[in-house]
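What follows is a single structure, written as structure tokens, with notes after it.
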Protein chains: 2
Amino acid sequence: MKGLAILGSTGSIGRNALSVVAEHPEEFRVVGLAAGRNAARLAEQVQHFRPAVVAVETPEAAAELKARLKTAATPDILVGQEGARTVATLPEADLVLSAMVGAVGLAPTYAAIRAGKDVALANKETLVAAGSLVMQAVQEHGVALIPVDSEHSAIFQAMHGHSKEEVRSLWLTASGGPFRTWSREQLAAATPREALRHPNWAMGAKITIDSATMMNKALEVIEAAVLFGLPPERIRVFIHPQSIIHSLVEFVDGSVLAQLGWPDMRLPIAYALTYPRRLPLNGEPLDLARVARLTFEPPDLERFPALALGYEAAAIGGTMPAVLNAANEVAVAAFLAGRLPFLGIPRVVADTMAAHQPEPLASLEQVLAVNDWARDRADRLVRQGTGAIS
Amino acid sequence: MKGLAILGSTGSIGRNALSVVAEHPEEFRVVGLAAGRNAARLAEQVQHFRPAVVAVETPEAAAELKARLKTAATPDILVGQEGARTVATLPEADLVLSAMVGAVGLAPTYAAIRAGKDVALANKETLVAAGSLVMQAVQEHGVALIPVDSEHSAIFQAMHGHSKEEVRSLWLTASGGPFRTWSREQLAAATPREALRHPNWAMGAKITIDSATMMNKALEVIEAAVLFGLPPERIRVFIHPQSIIHSLVEFVDGSVLAQLGWPDMRLPIAYALTYPRRLPLNGEPLDLARVARLTFEPPDLERFPALALGYEAAAIGGTMPAVLNAANEVAVAAFLAGRLPFLGIPRVVADTMAAHQPEPLASLEQVLAVNDWARDRADRLVRQGTGAIS
């Protein structure tokens, strides 16, 4: 039995992971859960999976959780960053699923790696903001870092059994999001409600907006470069609206391996949880005759400038990807709150990047300081209305 | 350096293999070549690759080859089945490429395996007609049997690093051939010239006709069942007219891995020659944006009854697949000679199968005797004109 700790258990990835665990109770023991403020959902999870330790973001959420748990066997309830870090480093945990959204997930994930835990990684910031630091820790502590993101999981699966030296390039697929066919004029007037209507994937709000701007793919290019150790120019992006081929690996001989499946996050999550084994998973088998056609087109960097920013940040490296990521978090929140137009998102990110003097990555503290600086800078840009000039 | 012997060096697969060898002279030493009667082409190959031993089918071809080779360093020139067997078992050969067309390739391939050679297998008959015997010899002698066929190579590549227990099913793709959209009435009048116009692949005549009848896919289902050790009902066929996805593996968790590439036989040949490594290969990289769309449809067993015969033969097992294969060889030759209509091909095969009392596989002699019986029976059916009644 694998001892499993989940950071971000009440989010989309966390809930899907627990549904995989519920399907294979013989495989996993849930030893710890960390969540934000959704005490109601966390209480249900605690009653079902009986972890010994849980962590929530605030004292209020802790109090609510305590009130909701009427059983005698109440877990230890911890609070804040320190609580998440404790869950991430529990001695009983063999594998930590890192599924918090945003830079807040970085420190506990880093702590898990340094505590020698294998990590199933859904938190993008870990590799985007602190890539080389994290990969160095992975090396030093000899742990496995298994991507959960459908695209990186696809590449990870396709590369299994092959060596990096045999890889010529990686091809990330992108659905193109809800605005794939929109003109720049239409994009300028896009509302949060429209941007949240993703055609294929059911995901959290932040990542759905990232999909609409294609910043999602920008972050994935940066992540893939770090995780698979390839320069960004060897990572290509194809628009594939059906989201059936999740990504591809081109080998030196010209052969290409692709991973396919219905758009269902349970699949890459289950693979990450059970790697290197595969366990049977309930779900309708993929049927290519029903899919009938798969289409591909090159991405349009004019309408989706976020993708070009991703390649730029990856090529500059150092602290620049952390700046891109932090500025994007602020810009997306402002867009969702109606304080920034859609095309203001890449504009705020670009302007924040332009104001940043990149440094080589040196420490987590540096990354967090750069993150704070970029958030602050982006916030000021939003308030100044820079983003509105598109 | 790998010592390489090629059975069928002047055919389509053999020539492509030698072009791969020419691209990587540091990797291979060509120690033996066996061919049919194309002495002119074989002479060129001998002059370029300098094998110590060659074999041809007839004394006439041997005399012509000798006359054409003006160099002092003439190789040993052997004749007939025994010559092919000698090439297949040369002490200097580490790997034997089995690329003769038809049942004639069976005995030397079997001999190579029993001599402890790794085998890159393009000869379909080896697994179709003598499947369990061959796989037993592969086990006993601990050799690698690497498929060259694009579909089986795709599955072999997608399964690399994974265990058979993780596989739920295999999906073979089929171009559908030149007659994919033809009605049964049109098929009844199809000519050899029309059937030889394959939309995607440049191959030999026999295999091109097999592609038009879809007997090719029937043989591949039988081969895949033997090679990958799965029951035929877990092997599915999809029509995929673009021939970009060469086949797929569905795993127990619902994840699917596919191998893609331009339709170029050099790719699976090179993989088989260099397995388990991949070497750089000249050629244009696959471009999904240029491909733009991939389509899939279920096969039509009404218009292409050969496929159903393949599943039937695979399910019956024993000597039945050898009968299917031998009858098909005779029927295809008759069709190409204008002595049998197109729809007569599956009819002759079905009637030959109906006349056969299948036995469990016991020996190569038995397989060859069954092969002879089926050829004779099919030949009589052709001469009686049974095939014309469609």
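Proteins get letters first, then strands, A, B, ... in listed order; numbering begins at 1 in each. Owing to the predicted nature of the structure, the values given are computational and were not obtained by experimental measurement.
Of all residues in residues 211-218 of chain B, none places a non-hydrogen atom less than 4.5 angstrom from a non-hydrogen atom of chain A.
In terms of non-hydrogen atom pairs under 4.5 Å with chain A, the most contact-rich of B:Leu281, B:Leu260, B:Thr295, B:Val249 is B:Leu260. Ranked by heavy-atom pairs under 4.5 Å with chain A, the list B:Pro276, B:Gly261, B:Ala270, B:Ala292 is led by B:Ala292. Taking chain A as the reference chain and counting heavy-atom pairs below 4.5 Å, the highest number among B:Gly283, B:Ala289, B:Ala158 is found for B:Ala289. In terms of non-hydrogen atom pairs under 4.5 Å with chain A, the most contact-rich of B:Ser255, B:Ser169, B:Pro298 is B:Ser255.
Remark: A:Asp253 CG to B:Asp264 CG distance equals 10.5 Å, nearest 0.5 Å.
Residue B:Ile239 does not touch chain A at all, counting heavy-atom pairs closer than 4.5 Å. Of the two parts of B:Arg290, neither the backbone nor the side chain holds a non-hydrogen atom closer than 4.5 Å to a non-hydrogen atom of chain A. Contacts between B:Leu288 and chain A at a heavy-atom distance below 4.5 Å involve backbone atoms as well as side-chain atoms.
B:Gln157 has its side chain out of reach of A:Val256: every pair of non-hydrogen atoms, C-beta onward, lies at least 4.5 Å apart.
For the ring pair (Phe, Tyr, Trp, His ring centres under 6.0 Å) test, residues two or more places apart in sequence or in another chain that qualify with A:Phe251 are A:His162. By the ring pair (Phe, Tyr, Trp, His ring centres under 6.0 Å) test, B:Tyr275 is found to be paired with B:Phe156, B:His160, B:Tyr271, residues two or more places apart in sequence or in another chain being considered.
When all heavy atoms of B:Trp171 and A:Leu286 are compared, the pair lying nearest together is CH2-O, 3.1 Å.
The local environment of CD in B:Gln139 is sparse, with at most 12 non-hydrogen atoms from other residues, nucleotides or ligands closer than 6.0 Å.
Evaluation of the salt bridge (Lys or Arg N to Asp or Glu O under 4.0 Å) test over residues 240-250 of chain B, restricted to residues two or more places apart or in two chains, returns B:Arg168-B:Glu250.
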> Can you check side chain to side chain contact (heavy atoms under 4.5 Å, CB included) on B:Phe296 and A:Leu294, steps first, answer last?
Replying inline: CA-CA 9 Å; B:Phe296 307 91; A:Leu294 303 173; 3.6 Å; yes
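A donor-acceptor pair is defined here as one N or O able to donate and one able to accept, closer than 3.5 Å; such a pair exists between the side chain of A:Glu166 and the backbone of B:Arg278.
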